[in-house]
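Here is the structure we will look at.
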Amino acid sequence: MTPVPTDKKQEVPRGTLVCVGTGLNLAGQISILSKSYIENADVVFSLVPDGFAQHWLETLNEDVRSLQPYYAQGDEVKNRRDTYAQMVQAILDEVRLGKKVVCALYGHPGVFACVSHFAIAQAKDEGYSAKMEPGISAEACLWADVGIDPGNSGHQSFEASQFMFYRHTPDPTTHLLLWQIGIAGEHTLTKFSTSSDRLQILVEQLSEWYPLEHEIVIYEAPNLPVQSPRIDRLPLKNLPFAELTPISTLLIPPSRELAFNTEILAKLGISEADLG
Ligand SMILES: C[S@@+](CC[C@H](N)C(=O)[O-])C[C@H]1O[C@@H](n2cnc3c(N)ncnc32)[C@H](O)[C@@H]1O
């Protein structure tokens, strides 16, 4: 028998990280590839809409750890930056142990979701293999449920508070999506709701481009196959009195017709009539 050299170091497997999206609707909106990553992971961290989705993940892998407890619990006041840092830490701790780690986030894991981006960047910085698999986002569901092809006139997406705090300029000939409308104007990163006063300020801001009577849509994709989407249409001026939840997304359809770019058309030798 060949003796095993005592000074030979044990090969430690390199940890890996894959962030996958589970879609919005229970069990049916995840890609085959993402599901397979979950099934074959050593540990799965999860952030999904409800207990049903969490339970479904637990049928795919026996070590699923919800990231939900890192959010403020009960009356606790906690900055979401701390929450996200702790989530990244928990994920990286397992990668550093040499495990195949999957982070399963609802929707698309990298759309209006920072934890996956932070964790992947940190893992790569430390030399680990880390990547993201796309998922079906709230926006993808919105186009399907509301029946809009965003390619018809284009679209813009902003996080609602960022839209308020910075000088974004919406193009009223396109569709405008404001994500996290339910916490619009909330700057402390400690609360999970907004107020009518803040929404009134947003309405005034938007009135620079949209008439107060302009129809807007509050959209909520179903998280369970038995649910229907929420598609509430209301005039912009009524936004401050609307019922908003953490899963509400605001859609503002175009209020103006597309305008021809006559200079470019002239350079291309195309007339407006050519475009129908
Ligand atoms: C932190 S972001 C997460 C988005 C998620 N990564 C995705 O791909 O859809 C949370 C925001 O996404 C939107 N959102 C989440 N769930 C939704 C749902 N069921 N219907 C519509 N919008 C939703 C809302 O704007 C919500 O405030």
Side-chain angles (χ1 to χ4, degrees), residues 18-31 34 45-54 57 66-68 70-72 79-81 83-85 87-88 102-120 132-148 150 155-164 175-187 189-194 198-199 202 216-234 239 242-252:
V18 184
C19 294
V20 305
T22 60
L24 273 286
N25 209 326
L26 179 67
Q29 290 185 338
I30 188 168
S31 73
S34 293
F45 288 95
S46 65
L47 212 44
V48 287
D50 50 37
F52 296 107
Q54 181 65 22
L57 284 177
S66 173
L67 291 169
Q68 205 67 43
Y70 291 103
Y71 282 109
N79 191 300
R80 284 195 287 282
R81 274 200 195 100
T83 295
Y84 302 146
M87 290 176 176
V88 171
V102 164
C103 181
L105 304 177
Y106 77 90
H108 185 303
V111 169
F112 291 85
C114 59
V115 169
S116 53
H117 289 289
F118 291 158
I120 288 172
M132 184 181 290
E133 283 297 323
I136 294 181
S137 67
E139 179 184 319
C141 297
L142 183 151
W143 304 132
D145 286 334
V146 186
I148 292 170
H155 81 281
Q156 295 176 308
S157 265
F158 299 104
E159 200 279 327
S161 296
Q162 191 198 73
F163 180 81
M164 295 179 78
H175 291 277
L176 175 67
L177 294 186
L178 292 183
W179 298 64
Q180 304 205 129
I181 188 67
I183 49 172
E186 206 290 297
H187 74 288
L189 298 180
T190 58
K191 301 194 180 72
F192 290 90
S193 61
T194 183
R198 289 191 184 123
L199 291 169
L202 175 60
I216 61 172
V217 177
I218 295 169
Y219 172 73
E220 291 177 9
N223 290 133
L224 296 174
V226 292
Q227 295 171 335
S228 301
R230 174 184 176 195
I231 302 173
D232 284 355
R233 299 176 190 275
L234 59 155
L239 179 62
E243 191 200 325
L244 297 175
T245 77
I247 65 164
S248 302
T249 296
L250 183 68
L251 162 68
I252 308 186

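Starting from 1, each residue takes its place in the sequence as its number. Both ligands and their constituent atoms are indexed starting at 1 by order of listing. Keep in mind that the numbers below use all heavy atoms, side chains included, and drop hydrogens, waters and symmetry copies.
- Remark: among candidates T249, N223, L250, the nearest residue to atom 24 (C) of ligand 1 is T249, based on non-hydrogen atoms.
- Formation of a donor-acceptor pair under 3.5 Å by the N223 side chain with backbone atoms of N25 is not found in this model.
- Side-chain atoms of S116 come within 3.5 Å of backbone atoms of P109 as a donor-acceptor pair (strictly under, hydrogens ignored).
- At least one N or O atom of I247, backbone or side chain, sits closer than 3.5 Å to an N or O atom of ligand 1.
- Between E139 and ligand 1, not a single N/O pair is under 3.5 Å apart.
- Counting only N and O atoms by type, the side chains of S46 and Q54 include a donor and acceptor under 3.5 Å apart.
- Between L178 and ligand 1, not a single N/O pair is under 3.5 Å apart.
- Remark: among candidates G107, A138, P109, G23, the nearest residue to atom 9 (O) of ligand 1 is A138, based on non-hydrogen atoms.
- Polar contact with ligand 1: absent for L24 (N/O pair, distance under 3.5 Å).
- No donor-acceptor pair under 3.5 Å is formed between the side chain of T22 and the backbone N or O of V48.
- At least one donor-acceptor pair closer than 3.5 Å links the side chain of E159 to the backbone N or O of Q162.
- Nearest non-hydrogen protein atom to atom 11 (C) of ligand 1 is Q180 CG, 3.9 Å.
- Electrostatic pairing of E243 and R230 does not count as a salt bridge here, judged by no charged N lying under 4.0 Å from a carboxylate O.
- The ligand atoms of ligand 1 that sit less than 4.0 angstrom from a heavy atom of S137 are 7 (C), 8 (O), 9 (O).
- Among protein heavy atoms, atom 27 (O) of ligand 1 sits closest to P246 O, 2.9 Å.
- Protein heavy atom closest to atom 5 (C) of ligand 1, with residue, atom name and distance, is V111 O, 3.6 Å.
- Between the side chain of H117 and the main chain of G110, a donor-acceptor pair closer than 3.5 Å is present.
- By the 4.0 Å heavy-atom criterion, G182 is excluded from the residues contacting ligand 1.
- For ligand 1, none of its N or O atoms has an N or O atom of E220 under 3.5 Å away.
- Without hydrogens or angle criteria, T194 side chain to A184 main chain gives a donor-acceptor distance under 3.5 Å.
- For T245 and E220, the side-chain atoms include at least one donor-acceptor pair closer than 3.5 Å.
- Of the possible polar contacts, none joining the T190 side chain to the N79 backbone as a donor-acceptor pair under 3.5 Å is found.
- Set against the non-hydrogen atoms of F112, the atoms of ligand 1 under 4.0 Å away are 1 (C), 2 (S), 3 (C).
- Of the candidates Y219, Y106, W179, the one placing a heavy atom closest to atom 10 (C) of ligand 1 is Y106.
- Between H155 and W143, the ring planes are perpendicular. Angles over 60° get that label, and only those under 30° would be called parallel.
- Below 3.5 Å of separation, one finds an N or O of A221 facing an N or O of ligand 1.
- Within the structure, ligand 1 has S248 among the residues with a heavy atom less than 4.0 angstrom away.
- For atom 8 (O) of ligand 1, the nearest protein heavy atom (residue, atom name, distance) is H108 N, 2.8 Å.
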